[in-house]
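In what follows, chains carry the letters A, B, and so on, assigned in the order in which the sequence lines appear, proteins first and then strands, with residues in each chain numbered from 1. Because only heavy atoms are used, hydrogens play no part in the values below, and waters and symmetry mates are left out as well, while side chains stay in.
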Number of protein chains: 2
Amino acid sequence: MSDGLPPQMGQSLLFLTDEQLRKGIEAMFFAYRGFTADPDRILNDKSYGRAHHRAIHFIHRSPGTTVNNLLSILGVTKQSLNRVLRTLIEDGLVASTVGQRDKRERHLHLTEVGAALERELSDAQRDRMRAAYRAAGPDAVAGFRQVLEAMMDEETRHHYEAMKDRPE
Amino acid sequence: MSDGLPPQMGQSLLFLTDEQLRKGIEAMFFAYRGFTADPDRILNDKSYGRAHHRAIHFIHRSPGTTVNNLLSILGVTKQSLNRVLRTLIEDGLVASTVGQRDKRERHLHLTEVGAALERELSDAQRDRMRAAYRAAGPDAVAGFRQVLEAMMDEETRHHYEAMKDRPE
DNA sequence: TTGGAATGTCAACAAAGCTGACGTATTGTC
DNA sequence: GACAATACGTCAGCTTTGTTGACATTCCAA
């Protein structure tokens with residue numbers, strides 16, 4: 001069969017054809033739906049949304065983080081984050097404490113209830129990720145991460161790298 | 001250095017630790033931002049949104065598709081899609097024609113103007129994808145696609161597969 | 001032929017993003 | 001000590017994109 005490409009362009013560059021790139025784009029689109037599907041179901045039952053999940057996730061990852069820091073990680077405005085944060089604090093999932101050194105800052109922590117929801121959400125999300133990893137194998141996983149990292153914006157990658165090797 | 005795991009659990013299963021899974025989850029989150037960033041900028045200038053991009057993309061991919069079919073691919077309600085579709089039709093980017101066999105159906109096509117925007121958007125998105133692919137290399141790309149496909153819902157994967165090997 | 005299923009449209013509402021303006025407390029600087 | 005800058009919260013209002021509910025049109029099968 002002919003691939004319509006000059007013979008010197010073999011497997012080595014075949015992954016850069018528009019066709020291959022399009023498949024990657026569509027794979028990314030469809031996979032992201034699966035990626036968020038399980039947490040979305042849990043959140044929906046509790047009348048929270050994806051925005052709450054994101055806040056909870058990164059507060060869990062960086063306990064004591066400030067509002068400003070969370071803002072730059074999430075890449076949203078403070079008004080938008082504030083709406084979400086307010087409901088989480090009102091509902092007793094997140095605790096906000098005035099900073100010791102700098103009293104203008106608020107340090108954010110998950111309460112026991114918040115931590116419980118975080119576990120429920122990340123368990124669900126990890127289950128799917130684990131199944132995908134298992135199905136694809138270790139080499140595929142390494143490639144998966146490489147491509148994703150190369151796809152990030154410069155600033156975003158800094159956030160990712162900073163987060164990356166922090167203990168659980 | 002110790003990885004805190006029993007010695008018989010070497011590299012082979014290391015990719016399934018919660019730590020590794022968490023990195024994958026965060027990589028997916030941050031990468032998706034990059035994935036949509038370039039089209040988003042273009043769309044913003046033209047006061048369209050991501051939903052318009054998705055509609056345009058899949059109408060381009062399946063010319064003559066019906067509203068119902070598009071609905072199940074995009075995974076949204078018909079009311080939500082209809083709003084987007086209406087503006088695209090009003091603005092002359094999409095043509096909607098009554099079905100021959102079944103007059104309830106509307107068949108959707110891109111106009112010349114619509115096709116031009118589609119090219120602009122997919123060029124931008126492909127550029128980033130190409131850079132990521134090039135940086136990661138062919139083996140990584142294969143793994144990337146494998147993991148993404150394994151991450152999809154069953155039904156979603158059917159849509160993806162159906163789309164996959166259709167000529168450009 | 002008629003009643004139900006399928007397709008698509010209109011209306012109203014909710015979640016979550018945005019900008020802009022403003023208030024307050026605190027910090028750091030001249 | 002005065003004053004600018006920073007961190008945070010909030011109000012108002014707008015946009016995008018999702019939702020449900022109600023409805024018109026068309027098709028098909030009993």
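Less than 4.0 Å separates DNA chain D from at least one heavy atom of each of the following residues of residues 80-110 of chain A: A:N82, A:R86, A:R104, A:E105, A:R106.
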Handout entry: B:E26 vs A:R61, salt bridge (charged side-chain N to carboxylate O under 4.0 Å, His left out): CA-CA, chis, key distance, verdict
Key = CA-CA 11 Å; B:E26 288 176 357; A:R61 285 291 297 148; 3.2 Å; yes
Problem - Intermediate values then yes/no, salt bridge (charged side-chain N to carboxylate O under 4.0 Å, His left out), A:E19 and B:R126 - result: CA-CA 10 Å; A:E19 185 75 8; B:R126 261 200 307 269; over 6 Å; no
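Under 3.5 Å, the side chain of B:Q79 and the base of D:dG21 form at least one donor-acceptor pair of N or O atoms.
Although no hydrogens or angles enter the test, the distance criterion places a donor-acceptor pair under 3.5 Å between the side chain of B:T111 and the main chain of B:G92.
For A:T77, a side-chain nitrogen or oxygen approaches OP1 or OP2 of C:dC18 to under 4.0 Å. In this structure, B:H52 does not reach the D:dT16 phosphate: none of its side-chain N or O atoms is under 4.0 Å from OP1 or OP2.
Residue A:R50 is the one, among A:R50 and A:K78, whose nearest nucleotide of DNA chain C lies closer to the 5' end (criterion: closest heavy atom).
Distance, B:L71 CG to D:dG18 P: 11 Å, rounded to whole Å. Residue B:D40 contributes atom CG, which lies 13 Å from atom P of C:dG17 at whole-angstrom precision. When rounded to the nearest whole Å, the span between NZ of B:K46 and C1' of D:dT15 equals 19 Å.
B:E149 and A:K23 are not joined by a salt bridge, as no carboxylate oxygen comes within less than 4.0 angstrom of a charged side-chain nitrogen.
At a threshold of 4.0 angstrom between heavy atoms, the contacts of B:G75 with the nucleic acid are absent.
Side chain to side chain, A:H52 and A:T87 meet the donor-acceptor criterion of an N or O pair below 3.5 Å.
Checked against A:I73 for a side chain to side chain contact (heavy atoms under 4.5 Å, CB included), the options A:L71, A:N69, A:V76 give a single hit: A:N69.
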